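For reference, the structure is listed below as structure tokens.
Note that the structure is predicted; figures quoted are calculated from it, not measured.
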Amino acid sequence: MAVGSSGRMKTRRKVEDLSEVPLSKLLGEIRKFEAKYGKSFQEFISSLKEDRASMEELADGFLWEQYVKEVLRRSSMGRLELSVEDAVEFTEIFTPARLEIMGYLAKKKEATVSEIARSLRRPVGSVSEMLKILESKGLVKSERRGKRKVYSLLVREILLRMG
């Protein structure tokens with residue numbers, strides 16, 4: 001805070017350039033908010049009532065959104081660059097089943113949960129949960145079309161940078 005010429009307090013905000021923040025740190029910050037509120041960003045935003053939200057919830061929602069947007073921005077370029085540290089964060093995400101889903105979306109371009117489940121011979125609920133995880137990490141995106149959600153792959157190339 002600084003005092004202006006009129007004697008009033010002015011708020012200075014330092015906007016952090018998130019493009020320079022390692023992916024592992026962004027994901028770590030997102031996980032902290034998920035743990036704090038016990039829900040994903042989308043669930044948090046859906047449940048947030050601005051007229052009843054505390055200042056802390058509003059501030060957390062703003063920061064959380066910035067982290068999510070940066071992860072999505074990076075992945076929307078179709079290429080996800082991971083350092084060795086970042087790759088560790090993704091090892092638990094890249095299970096054979098989730099990679100199978102990503103492979104299916106790479107071939108089909110887009111599909112609903114039921115189409116993916118049917119093709120991969122997996123339960124719809126299981127595929128839905130895996131898609132939520134992939135979406136929260138910026139690897140797939142969803143678009144509502146009527147009553148159906150259509151998923152598509154955001155990342156087409158994943159690079160591991162060794163240093």
Side-chain angles (χ1 to χ4, degrees), residues 1-2 10-106 109-111 113 116 125-145 149-163:
M1 298 245 191
K10 292 194 289 185
T11 303
R12 286 191 195 158
R13 284 196 173 168
K14 179 183 172 198
V15 177
E16 185 177 12
D17 182 7
L18 294 179
S19 66
E20 298 297 319
V21 175
L23 186 60
S24 57
K25 183 176 180 203
L26 290 172
L27 294 173
E29 293 299 320
I30 290 169
R31 273 198 301 283
K32 285 179 190 174
F33 286 122
E34 288 171 346
K36 181 177 181 177
Y37 292 101
K39 50 183 87 173
S40 72
F41 175 70
Q42 293 300 333
E43 293 167 330
F44 174 77
I45 292 301
S46 296
S47 68
L48 190 65
K49 306 276 189 264
E50 287 193 24
D51 59 334
R52 294 186 189 143
S54 68
M55 286 302 289
E56 180 181 18
E57 288 171 327
L58 292 173
D60 284 353
F62 175 78
L63 283 174
W64 197 351
E65 180 180 30
Q66 300 313 303
Y67 297 137
V68 168
K69 281 182 176 178
E70 179 60 21
V71 170
L72 291 174
R73 185 195 67 76
R74 290 182 191 185
S75 63
S76 68
M77 294 184 290
R79 180 181 198 175
L80 184 61
E81 241 181 83
L82 300 174
S83 66
V84 174
E85 296 82 24
D86 293 338
V88 170
E89 299 291 329
F90 277 89
T91 55
E92 61 193 43
I93 296 163
F94 292 138
T95 64
R98 291 187 193 121
L99 289 172
E100 192 176 20
I101 290 170
M102 291 176 71
Y104 180 82
L105 287 172
K109 305 294 184 232
E110 61 181 32
V113 175
I116 297 168
S126 173
V127 170
S128 180
E129 285 301 312
M130 286 187 267
L131 283 165
K132 280 183 189 176
I133 291 166
L134 292 171
E135 188 172 23
S136 74
K137 300 305 178 195
L139 299 169
V140 301
K141 69 175 182 173
S142 66
E143 181 182 315
R144 187 152 298 280
R145 294 187 189 155
K149 240 184 183 182
V150 178
Y151 289 86
S152 59
L153 197 58
L154 278 173
V155 175
R156 300 231 172 259
E157 184 178 2
I158 298 172
L159 300 169
L160 180 60
R161 206 174 349 102
M162 301 298 287

Within this structure, what is the [atom1]-[atom2] distance for the pair [X] and [Y], rounded to the nearest 0.5 Å?
| X | Y | atom1 | atom2 | value |
| --- | --- | --- | --- | --- |
| L26 | R31 | CG | CZ | 10.5 Å |
| E57 | D60 | CD | CG | 8.0 Å |
| L139 | I101 | CG | CD1 | 11.5 Å |
| I45 | E65 | CD1 | CD | 6.0 Å |
| M102 | M130 | CE | CE | 13.0 Å |
| I116 | S128 | CD1 | OG | 9.5 Å |

Task: salt bridge (Lys or Arg N to Asp or Glu O under 4.0 Å) evaluation trace for E143 with K141 - done: CA-CA 7 Å; E143 181 182 315; K141 69 175 182 173; 5.2 Å; no

Task: Non-hydrogen side-chain atoms of F44 and F33 separated by less than 4.5 Å - done: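 The answer is no; the side chains never approach within 4.5 Å.
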
Open item on the list: Measuring only between side-chain heavy atoms, which start at C-beta, is I133 closer than 4.5 Å to T95?
Closed with: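 Counting from C-beta outward, I133 and T95 never come under 4.5 Å.
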
Open item on the list: For L134 and R98: C-alpha separation, side-chain torsions, deciding distance, then whether side chain to side chain contact (heavy atoms under 4.5 Å, CB included) applies.
Closed with: CA-CA 8 Å; L134 292 171; R98 291 187 193 121; 4.1 Å; yes

Open item on the list: Would K132 and E129 count as a salt bridge (Lys or Arg N to Asp or Glu O under 4.0 Å) here? Give the steps.
Closed with: CA-CA 5 Å; K132 280 183 189 176; E129 285 301 312; 3.5 Å; yes

Task: Heavy-atom donor-acceptor pair, E135 side chain to S142 backbone, under 3.5 Å - done: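 Here the side-chain-to-backbone pair exists.
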
Task: Y104: ring pair (Phe, Tyr, Trp, His ring centres under 6.0 Å) partners, not counting sequence neighbours - done: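 Listed in chain order: nothing, the list is empty.
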
Task: N-O pairing of K32 and E29 below 4.0 Å - done: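 Yes.
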
Open item on the list: Which heavy atom of L105 sits nearest to which heavy atom of Y151, and what is that distance?
Closed with: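 The pair with the smallest heavy-atom distance is CD2-O, 3.4 Å.
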
